[in-house]
Amino acid sequence: MAVIWRGNTQDRLYQDTISSGGGNSHKHKDKYKDKEHKHKDHKKDREREKSKYGNSDHKEFSEKKHREKERIKHEDVSTDRHKDKHKEKDHRKEEIKPKKEKENGFASPHRIKTEPDNDHFYHSPKSLKRQRDNDETEFKPKKIKIENDRVDKKAKKRKQDEVRGNLWILYLIYFSDPLRERILMRLFLVKDIKPKKTQKNKKGEVADGKKKAKKEPEEKWKWWEEERATDGSKWRFLEHKGPVMAAPYETLPSKVRFFYDGKQMKLGPEAEEVATFFAKMLDHEYTTKDAFRKNFFKDWRKEMTSEEKSKITDLKKCNFNEMGEYFKAQSEARKAMTKDDKLKIKVENERLLQEYGFCIMDNHKERIANFRIEPPGLFRGRGDHPKMGMLKRRIRPEDIIINCSKDSKHPKPPPGTKWKELRHDNKVTWLVSWTENIQGSIKYIMLNPSSRIKAEKDWQKYETARNLKKCVDRLRNQYREDWKSKEMRIRQRAVALYFIDKLALRAGNEKEEGESADTVGCCSLRVEHINLYPEKDGQEFVVEFDFLGKDSIRYYNKVPVEKRVFKNLQLFMENKQPEDDLFDRLNTSILNKHLQELMDGLTAKVFRTYNASITLQQQLKELTSPDENLPAKILSYNRANRAVAILCNHQRALPKTFEKSMQNLQTKIDAKKDQLSDAKRDVKSAKADLKVRRDEKSKKAVETKKKAVERLEEQLMKLEVQATDREENKQIALGTSKLNYLDPRISVAWCKKWGIPIEKIYNKTQREKFAWAIDMAEDDYEF
DNA sequence: TCATGAACTTAGAATACATACA
DNA sequence: TGTATGTATTCTAAGTTCATGA
């Protein structure tokens, strides 16, 4: 077969071209001129529409909705009074409209709105009609409840007791916080927050302490019903309190000693601090690794005084055991603290959260994801990271850039210090940034996934993936054609794309050698990462993949591929060394440029989202049977989720207690089986009794015993389902796909279709992140 | 055109917290 | 009530993508 294929004239010509190309590592990558037509018109179109917020679906949705709202407002006016009001509003709107456009374009600095100029965003949800994503069916948004209605009463009672006890403390914190005060003032000043609504804190507790308000579900801000900026700006107003700095180092008590070469040695505070970082990790595998020890020792010595440096020359002679024991004891002591002491810590954490954990972005209070500066420590790179063990230095205010509105109250640096810079850049979403010393990369403080700015982007991501669904067949035909191309670069691009599509591989950027662990993705695969088998295990054209991917997670897979792919791979590998690039004429930027020409917004990453979501949808359809009970349906969901996690290679380390917990579960199952057989015996004897006595009492006894059997059978089934689920899941991480790859509307629709409470699929945090989807998707949603 | 770096998403491990059970 | 175990949250590393400037 190979001979026939290579015998093709075009291919032979092509072979000649390649062999003259010679080199095969990415350093030699060819700069062949693209003979293809460049799709110039398409590019121009794209540029015209190129705005981050320009996703057509989303934009269209907002516009349609806005028009719809306006229409409803016109129709809703039934009384004269209303009419007058309406007139007034319209009049006001006419006045405001140009100003609004100006605002969107940032011609003038943002001011907190004190006029009700955005009234139209806050119609009663009941009267609101709007277009759903792509179809034309009517959509009625519903109020979102923050608290889960189905919370177990017992747990609720316990919580209530605890809450009552602590409420006054939280109450004090809540109102003593100056930022909150400002936030509340702002919120009440602007019309888009209804002042009468009771504010709840993070835990859903009522801040003003009124019981009555607790019963009313809080109405959450539905940003997805509003218009978005179209000028590339991320916000108009941003105010926050800055980051929480890492706690200063506290020197060890004198009883905790460090020994060098068997002799006690007192370290200066700088060297001691770094030594404690190592001591805290003594039980960890890291401290046994050569690279870790070497890097640590090198950086540690930099912190030593010259005297320390001259004495401490060999890490093997260092004894950190007392330090290690001290930290272990501290951690034990923390666990054994009294309830009161634990509460004090909780209260302090809550105070910090309230003060630093929120910001105001465009009139709304939003939760910040990571408001603490990363504390100093030893770098824990994944896999064989060449820099593991290096000292992550302490970040000072002088290293920190603050980003906020010009007209906001700027965060203050700690007394006697200065920020590196105060910036007012509304084209970015971060609040705080600094450069870390290990890789020289920038770290950011950003908003929580539930925030508008993050969730909106998430929604957009799934819309792009849905767009891919519309044209994926065309794209697949195209890359199949490209397998036959005269040009090597096009063949490589097409085969790589096939892998990205079929196997959900990551794009695979080039990495600087020696800077990080040796991991690869699709474009950076090397010859040594695949093996070709014309026949294996009864299948033809099998490719065996074996490489380390992101986070040094091993990807191992044997897949039969199409014959042309196989032949192309043979061709790509010809005359190459194992360490040479498989796709030497390709990189992620070439690939993404090509994808961009095929579909607006398409990048390699979109295939992962698309394939993950479509797989979930298909699997749910396949696996859910209508007559199953709730636990079985949830098992089906988890199995569908698992199929995606396997596709995306989301693995986790086997939990340390896995064997034990499985054993415990098995014991429970065995015990339940015993109970069940006893109960069945009871039914038999009760029936025998009934035969003899033939009275009502005996009849009732039979019924009761039968019910007991049914109950036990159900309990047994639940346990068995749990065991199956756990076993199937032991090395697979479901969370990553659930959080990042699966269009939440698929899950919401599935829940609605089968009457599954959403709480069974998404926990509280996940429900907050996917609030838009929970509100939006109906049972017939199609990805 | 390419290299670089900024910005943002995705990832598993570690830790904190909640719940079940003895 | 204390302990074991499971789940949620936090942490931060490690990716991808895109803009920018030489």
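Letters go in sequence order (proteins before strands), and every chain restarts at 1.
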Which part of the nucleic acid does [X] contact within heavy-atom distance under 4.0 Å: base, sugar-phosphate only, or nothing?
{"X": "K605(A)", "result": "sugar-phosphate"}
{"X": "R334(A)", "result": "nothing"}
{"X": "E436(A)", "result": "nothing"}
{"X": "A653(A)", "result": "sugar-phosphate"}
{"X": "A369(A)", "result": "nothing"}
{"X": "S441(A)", "result": "nothing"}
{"X": "G508(A)", "result": "sugar-phosphate"}
{"X": "T588(A)", "result": "nothing"}
{"X": "P375(A)", "result": "sugar-phosphate"}
{"X": "R382(A)", "result": "base"}
{"X": "N592(A)", "result": "sugar-phosphate"}
{"X": "F379(A)", "result": "sugar-phosphate"}
{"X": "K392(A)", "result": "sugar-phosphate"}
{"X": "G735(A)", "result": "nothing"}

- Query: Quick one: the side chain of K457(A) and the base of dT9(B), do they pair up donor-acceptor inside 3.5 Å?
  - Reply: no
Can you tell me how far [atom2] of [N] sits from [atom1] of [X], to the nearest Å?
{"X": "L739(A)", "N": "dA8(C)", "atom1": "CG", "atom2": "P", "result": "12 Å"}
{"X": "I500(A)", "N": "dG15(C)", "atom1": "CD1", "atom2": "C1'", "result": "14 Å"}
{"X": "E374(A)", "N": "dA14(B)", "atom1": "CD", "atom2": "P", "result": "16 Å"}
{"X": "K730(A)", "N": "dT5(C)", "atom1": "NZ", "atom2": "P", "result": "18 Å"}
{"X": "F607(A)", "N": "dT10(B)", "atom1": "CZ", "atom2": "P", "result": "16 Å"}
{"X": "K511(A)", "N": "dA13(C)", "atom1": "NZ", "atom2": "C1'", "result": "11 Å"}
{"X": "I445(A)", "N": "dA13(C)", "atom1": "CD1", "atom2": "C1'", "result": "16 Å"}
{"X": "K461(A)", "N": "dT10(B)", "atom1": "NZ", "atom2": "C1'", "result": "8 Å"}

When you measure from the side-chain N and O atoms of [X] to the phosphate of [N], is any distance below 4.0 Å, counting only OP1 and OP2?
{"X": "R380(A)", "N": "dA14(C)", "value": "no"}
{"X": "T736(A)", "N": "dG12(B)", "value": "yes"}
{"X": "K335(A)", "N": "dT3(C)", "value": "no"}
{"X": "K454(A)", "N": "dT9(B)", "value": "yes"}
{"X": "H385(A)", "N": "dA13(C)", "value": "no"}
{"X": "Y444(A)", "N": "dT9(B)", "value": "no"}
{"X": "Q439(A)", "N": "dA13(C)", "value": "no"}
{"X": "R608(A)", "N": "dA11(B)", "value": "yes"}
{"X": "K443(A)", "N": "dA13(C)", "value": "yes"}
{"X": "N448(A)", "N": "dT10(C)", "value": "no"}
{"X": "S433(A)", "N": "dA6(B)", "value": "no"}

- Please step through ring pair (Phe, Tyr, Trp, His ring centres under 6.0 Å) for the pair Y741(A) and H650(A), ending with a clear verdict. CA-CA 11 Å; Y741(A) 288 105; H650(A) 291 144; 5.6 Å; yes
- Message: Looking only at the side chain of D425(A) (C-beta and beyond, no hydrogens), which of the listed nucleotides dA7(B), dT12(C), dT16(C) gets closest?
- Response: dA7(B)
- Taking the side chain of T765(A) as heavy atoms from C-beta outward, which of dT9(C), dC8(B), dT10(C) is closest to it? dT9(C)
- Report the residue (R652(A) or I442(A)) whose heavy-atom-nearest nucleotide on DNA chain B is the more 5′ of the two. I442(A)
- Could you check N740(A) against H284(A) and say which one's nearest nucleotide on DNA chain B is further toward the 5' end? N740(A)
Can you see which heavy atom on [X] is nearest to which on [Y], and at what distance?
{"X": "R423(A)", "Y": "E421(A)", "value": "NE-OE2, 2.8 Å"}
{"X": "W772(A)", "Y": "P744(A)", "value": "CZ2-CG, 3.5 Å"}
{"X": "N611(A)", "Y": "D501(A)", "value": "ND2-O, 2.8 Å"}

- Message: Both T603(A) and D551(A) contact DNA chain C. Taking the nearest nucleotide for each, which residue is further toward the 5' end?
- Response: D551(A)
- Query: Would you say the side chain of D399(A) lies within less than 4.5 Å of the side chain of R393(A), judging by non-hydrogen atoms?
  - Reply: yes
Between [Y] and [X], does any NZ, NE, NH1 or NH2 come within less than 4.0 Å of an OD or OE carboxylate oxygen?
{"X": "E348(A)", "Y": "K344(A)", "value": "no"}
{"X": "K241(A)", "Y": "E355(A)", "value": "yes"}
{"X": "E515(A)", "Y": "K387(A)", "value": "yes"}

